[in-house]
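This report refers to the structure that appears directly beneath it.
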Amino acid sequence: MAKYKIAWLEGDGVGKDISEATMIVLKAVNLDAEYIPGDIGWEFWIKEGNPLPQRTIDLMKSTDCAFFGAITSKPKKEAEKELSPALKEKGFSYRSPIVLMRQLLDLYICLRPCKAYPGNPLNFKDGIDLVIFRENTEDLYSGVEFSKLSEEMLKIKGMEKVPKDAAVSLKINTKKGCERIIRAAFEFARKNKRKKVTSVQKANVIRITDGLFLETAKEISKEYPEIAFDSANIDAMCMWLLKNPFDYDVLVAPNLYGDIISDLAAQLVGGLGFGCSGNIGDNYAVFEPSHGSAPKYAGQYKVNPIASILAAKMMMYWLGEIELAKQVESAVAQVIKEGETRTYDMGGNDSTLDMANAVAKKIHSEIKK
Ligand code: IPM
Ligand code: MG
């Protein structure tokens, strides 16, 4: 029996291309795992009215962790337009399956390392090495939204001036939610000898929820005197990340701001072809590239699989297979540095699988040494 059981959720679009590429690398390091395929994505929304079927959630609950490729996610109205009349009648309503998965499995940490590997022609500046801790279960992603308001709601203090037909999405942040993501960021900084944690929010305007986040960060920072602490507003942070990326180290933010800065930071180190992501809870985790499913490239084996391969590297770290994770990262770094294999985003003509095979080849040659 294999040591690990991994739910293998390829998804749709280029999810399948990059999953195939990632499997080449997992086989090259010989991770002792059984990979169990699971259904997720657009196809299941169209066929069943549910892009994350219950059987997939059950599968995840019976495995150690999951690898997730990519899926198409669309605004509710657009998604529901594409549903067959028979399913529409049953009243299925669309929500992004990845967001649902994070909430159902309480994967409260979204860990997004953004490192500029030397030799990557897409690096904004060499040497950038940021780690983002994004809260992953609450905030404006809570899914509590209204397209019209009841009389009862309008009686709540402060709501008197809100028009009845206002669209409302609630930003819900709890003390526990703030604490656990901020603590995770500081613990990571301590363990990895990082120098600074920056809390990102907009507490000067969003006083209550972002105020809670900032105050909690200040409190927790006192428990880590060896780590510098500062905070920044999300808007200024976007500017400063471009201006002085070397001033930052570990960043921690509520869900939506974390989503925004993690795309920005990924672009600093080569774009979405390099952004990897771990959705991590206390007992389960899902690893994925941060990019979407790029349907126009589906099946063309064109996109860069490095984000996905680095997500698999994170998965091995999380499983405790540190040596294997290091082998993968070092092989990726060497392939980037040598620059002989490059996908289109890097200015080359090599395919998704060429890139994966180049990484696998490096792993084999290191093992032989
Ligand atoms: C991400 C993505 C998702 C998010 C989308 C696809 C729902 O942008 O993982 O960053 O907003 O979290
Ligand atoms: Mg995003």
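In each ligand, atom 1 is the first atom listed, and ligand 1 is the first ligand listed. Keep in mind the model is a prediction, meaning the values are calculated, not measured.
Restricting Asp259 to its N, O or S atoms, the one at the least distance from the Mg ion (ligand 2) is OD1.
Between the side chain of Glu288 and the main chain of Ala311, no donor-acceptor pair closer than 3.5 Å is present. For Asp139 (side chain) and Tyr141 (main-chain N/O), no donor-acceptor pair under 3.5 Å exists by modelled atom type.
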Enumerate, one pair per line, all nitrogen or oxygen atoms of ligand 1 lying under 3.5 Å from a protein nitrogen or oxygen, stating the separation to 0.1 Å; write 'none' if no such pair exists.
residue: ligand 1; atom: 8 (O); partner: Asp259; partner atom: OD1; Å: 3.4
residue: ligand 1; atom: 9 (O); partner: Arg102; partner atom: NH2; Å: 2.8
residue: ligand 1; atom: 9 (O); partner: Arg112; partner atom: NH2; Å: 2.8
residue: ligand 1; atom: 10 (O); partner: Arg112; partner atom: NH1; Å: 2.9
residue: ligand 1; atom: 10 (O); partner: Arg112; partner atom: NH2; Å: 3.1
residue: ligand 1; atom: 10 (O); partner: Arg134; partner atom: NH1; Å: 3.2
residue: ligand 1; atom: 10 (O); partner: Asp259; partner atom: OD1; Å: 2.8
residue: ligand 1; atom: 11 (O); partner: Tyr141; partner atom: OH; Å: 2.6
residue: ligand 1; atom: 12 (O); partner: Arg102; partner atom: NH1; Å: 2.7
residue: ligand 1; atom: 12 (O); partner: Arg134; partner atom: NH1; Å: 3.2
residue: ligand 1; atom: 12 (O); partner: Arg134; partner atom: NH2; Å: 2.8

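In the model, Thr72 has a side-chain atom that pairs as donor or acceptor with a side-chain atom of Asp12 under 3.5 Å. Counted by atom type alone, Ser147 and Glu145 present zero donor-acceptor pairs between their side chains at under 3.5 Å. Looking at Asp210 and Tyr257, their side chains do bring a donor and an acceptor atom within 3.5 Å of each other.
Residues forming a salt bridge (charged side-chain N to carboxylate O under 4.0 Å, His left out) with Lys81 (at least two apart in sequence, or on another chain): none.
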